[in-house]
Protein chains: 2
Amino acid sequence: MSTSRTKQELRKDPIVGRWVIIAPERLSRPQTLLNDDAISCDSFDPFLAGNEDATTPEILAYRDGGVANGPGWRVRVIPNKFPAVRIEGALDKRGDGIYDKMNAIGAHEVIVECPHRETNMSRLSVENIREVLWVYRDRLVDLKRDHRLVHGLIFKNKGTRAGASLDHSHSQLIVTPIIPIAIQEELDGAREFYDYRGRCIFEDMIQQELATEQRIVLETEHFVVFCPYASRFPFETWILPRHHSSHYENITKPMIEDLGTVMKTVLSKLEIGLDDPPYNFVLHSAPFASQDLPHYLWHIEIFPRLSRVAGFEWGSGFYINPVAPEEAAKFLRETEIED
Amino acid sequence: MSTSRTKQELRKDPIVGRWVIIAPERLSRPQTLLNDDAISCDSFDPFLAGNEDATTPEILAYRDGGVANGPGWRVRVIPNKFPAVRIEGALDKRGDGIYDKMNAIGAHEVIVECPHRETNMSRLSVENIREVLWVYRDRLVDLKRDHRLVHGLIFKNKGTRAGASLDHSHSQLIVTPIIPIAIQEELDGAREFYDYRGRCIFEDMIQQELATEQRIVLETEHFVVFCPYASRFPFETWILPRHHSSHYENITKPMIEDLGTVMKTVLSKLEIGLDDPPYNFVLHSAPFASQDLPHYLWHIEIFPRLSRVAGFEWGSGFYINPVAPEEAAKFLRETEIED
C-alpha cells in the first residue's frame, strides 16, 4: 500500500454520474485507516495563535495587527495540509475507456475560526461567527474568478465522530471543476419544479413551514430555520434565507449580521439540548458560472451525528430517521440558551 | 421526546424526490441516540439456537428438525423487533401541502444466518452462506406477491461502527412501496446509457475491468469482483454476475453455488487483510414489477467501514477516497486466505 502509483484525480461513476475524488494517501498499512481515536485536548494545537509556523502559509487573515503568518489574526484561512484537490495544473479532462476522469484541480482550504482554542463554533462570539461567515464569502468571491472551477463547497466537521481530526474550531472549503452530485440533484429537482409551477420550491417550502409552524426552530428578519419534512437524520436542521438568492457569495452585510446570530443560536441549542454532539454542516450554493437562479435558494444543512448511520443508507440512499422532525423542532424550540 | 405523536410514515423530499422513513422511537432523552457502545460479546444472544422465545415468531426457517420457533434450524427469518415499516394497513398515499407521504407499509425482516454465535459471515461454511443466499431469494419471491410493495432491499450491517446492534451474524430485508433513490438513480442512468448505446452499462464495465485487470479482485464462472473505478470508500468492492439478469430473485442454483464461494472468499479477504473490519453490504436489484430489464444488472456492493465518512459527504454526495481502487484491488488479490 505504501507505493500508490495513482495520482490524485476526479473520477466519474458512469452509472449515476457521481464524481469522486481519488486522493491516495501513503499508507503503511490499510488498517491505519481504521482510526477512531478521540481527539486529545492536550495535544498540540497547530491552529492556536502563535503556532502559525506549524501550518501552511495563510491565504487570508482578518487581523488586528501583526504580520502574515504571525499572531494578531482573528480568523485565518490556510491551504489544507493534506489537500484533496490542488490548484496547480490543467484539468486535462479525458476518457478512460467507458470512464471519465480529470485532474483533481481545485482549492482545499481550512478556515481557522478563532485564534484561541475553542472546539465549538457555538461558543464563539456572534461577532467572531459573523467574520467567519464573511470569510466564506470572500473566499468564494476570490476563487470563482478561476474559470476552471465551477463550484465551491463550504462545510464543517465538528468532533471526531463527524470526521474532524483537530478539535480547534474550523471549517473547510473545497472548490472543484465539477458540481457535487447532491447539489446537482437539488438544482435539477428545483428546476423541474420551477418549469412546472413557475415557483421556487424552496420558497414554497418556507411558506408552508411558516404556515404550519410545527417544524420551525427559529425565525428572524432574514432567515427561517426548520427541521425538514423528510429529514434524513435526527435533528437535521436547515437554515434558509427568506429572500431569494441562489449564490451565498452575494450575501449582504445585514444578512451576515443576522446569520451570525442565527448560527450562534442554532448551534447553541444543539450543544445544550443534545450534550455538545458531533455535527456537520454543509453550505449549499449555486454553481459559480450561473447568474442568479430563480429556482434555487442557497441554504445551510446541519446534521448532528447522534445516531450512527447504519451504512446501508450509503448503498441505497434510503434513510430511517428515529426522530420525527416535528418532535426535533419542538425540542430545539424549547431548548433554552443563555443570550 | 417521550410522547411522539407522529406515526411511522414514508415522506418524500420535494426537491430531490428522496423517500425517507420517519420511524419515531420512544426516547427518554434525545441523547440516548448517541450510543456508540461496542457490542459486548458476553451479552445475551437472542439469535442463538435455544433462545427462539426471545425473538419475534419466525417467518421462515431451514430446518434439520425441531418445530417452528424451537431449535433445529440452520437459517432463520424473523420480523425485525423494531420494524421501520409494517405489513398491516393501506398505503394511503396523500399530499401534505407541497409534500408527499404514505403509510410506512412494507416488510422489515432479519435473516439470522446461523444457529451458533458467529460474528462474521466470512467464518460461516460455504454451504451455510449458500443457504443464506437462498433465503434472500425465497423472501423476495414471497414478498413480491404483495402488489403494494415495489422493491426489496437486502443489506448487512456488520459491527457496531457499521450500525449493527447485535453481533450474531445477520442480515436484513426491507421491502417497501417505493424505490430507494440510489437504486432509482442507477436505473435512470443505466437506462439512459442503454437508450444511447444499446448496451448495458454494467456489462461494459465488466468488459473493461476484465480487459484492464487492475481493479479485479476475483473472477469465477458466474461472477466478477472488482473495486469500482469511482470507488467512494477505501476497499469498496462490487460483486457482479457475468451473465445478464436484473432481478436477484431469478438467480439459479449454479449461480448460488458460485456466489456462496465468492462471498466466503471476498469477506474472508476483507477480514484477514483489514483486521476484521466493520462493513456493510447492499444487494442492488431491480424493482419487483418490472420484467427483466436489459439495461440493469443486479449486484452486491460491499463497503468496509475503515475511514470515517466525514459527514459533509452526506450533504454534498462528494466523496474523498484515500485509497485508489487499483491499490485496494491489488491488496485484496494478494491477501491470502486458507481454503
Side-chain angles (χ1 to χ4, degrees), chain A residues 1 4 6 11-18 20-25 30-31 33-34 84 97-99 153 155 157 162-163 180-182 185-186 189-190 201 204 208 229-230 232 234 274-275 277 280 282 301 303 306-308 310-312 314-322 324 326-327 331, chain B residues 1 4 6 11-18 20-25 30-31 33-34 84 97-99 153 155 157 162-163 180-182 185-186 189-190 201 204 208 229-230 232 234 274-275 277 280 282 301 303 306-308 310-312 314-322 324 326-327 331:
Chain A
M1 299 296 299
S4 165
T6 310
R11 295 184 180 188
K12 188 181 188 180
D13 177 293
I15 304 163
V16 298
R18 180 199 308 111
V20 171
I21 303 180
I22 303 293
E25 291 168 5
Q31 295 84 337
L33 286 169
L34 186 62
I98 59 167
Y99 303 123
L153 190 74
F155 63 94
N157 302 331
I181 194 166
E185 285 166 359
E186 280 185 342
I201 177 78
D204 271 26
Q208 181 163 344
Y229 180 79
R232 287 154 287 180
L274 304 177
D275 290 353
N280 303 99
V282 176
E301 300 186 1
F303 311 105
L306 293 173
S307 63
R308 236 172 291 100
F312 81 92
W314 291 333
S316 65
F318 201 18
Y319 294 86
I320 301 173
N321 181 354
E326 296 74 18
E327 295 301 314
F331 179 83
Chain B
M1 300 297 297
S4 165
T6 310
R11 296 184 180 188
K12 188 180 188 179
D13 177 293
I15 304 163
V16 299
R18 180 199 308 111
V20 170
I21 303 180
I22 303 293
E25 291 168 4
Q31 295 83 338
L33 286 169
L34 186 62
I98 59 166
Y99 303 123
L153 190 74
F155 63 93
N157 302 331
I181 193 166
E185 285 165 1
E186 280 186 342
I201 178 79
D204 270 27
Q208 181 163 345
Y229 180 79
R232 285 155 287 180
L274 304 177
D275 290 353
N280 302 99
V282 176
E301 301 186 0
F303 311 105
L306 292 174
S307 62
R308 236 173 292 97
F312 80 92
W314 292 334
S316 65
F318 201 16
Y319 293 86
I320 300 173
N321 180 355
E326 295 74 18
E327 295 302 313
F331 178 84

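These figures come from a predicted structure and were not determined experimentally. Residue numbers start from 1 in every chain, and the chains themselves are labelled A, B, ... in the order their sequence lines are given, proteins ahead of strands.
- Contact tally against chain B (heavy-atom pairs below 4.5 Å) for A/G189, A/P180, A/A190: the top residue is A/P180.
- Looking at residues two or more places apart in sequence or on another chain, you find no side chain to side chain donor-acceptor pair (under 3.5 Å) involving A/R18.
- Applying the side-chain contact (heavy atoms from CB on, under 4.5 Å) criterion to B/E185, with sequence neighbours excluded, gives A/V16, A/E185, B/I181.
- The candidate with the highest count of non-hydrogen atom pairs below 4.5 Å against chain A, out of B/E301, B/R232, B/E186, is B/R232.
- Contacts between A/I320 and chain B at a heavy-atom distance below 4.5 Å involve backbone atoms as well as side-chain atoms.
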A/F155 and A/N280: side chain to side chain contact (heavy atoms under 4.5 Å, CB included), yes or no, with the steps? CA-CA 7 Å; A/F155 63 94; A/N280 303 99; over 6 Å; no
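- Atom-to-atom distance recorded for A/I15:CD1 and B/Y229:OH is 14.0 Å, nearest 0.5 angstrom.
- Interface remark: B/I98 contributes backbone and side-chain atoms alike to the contact with chain A (heavy atom separation under 4.5 Å).
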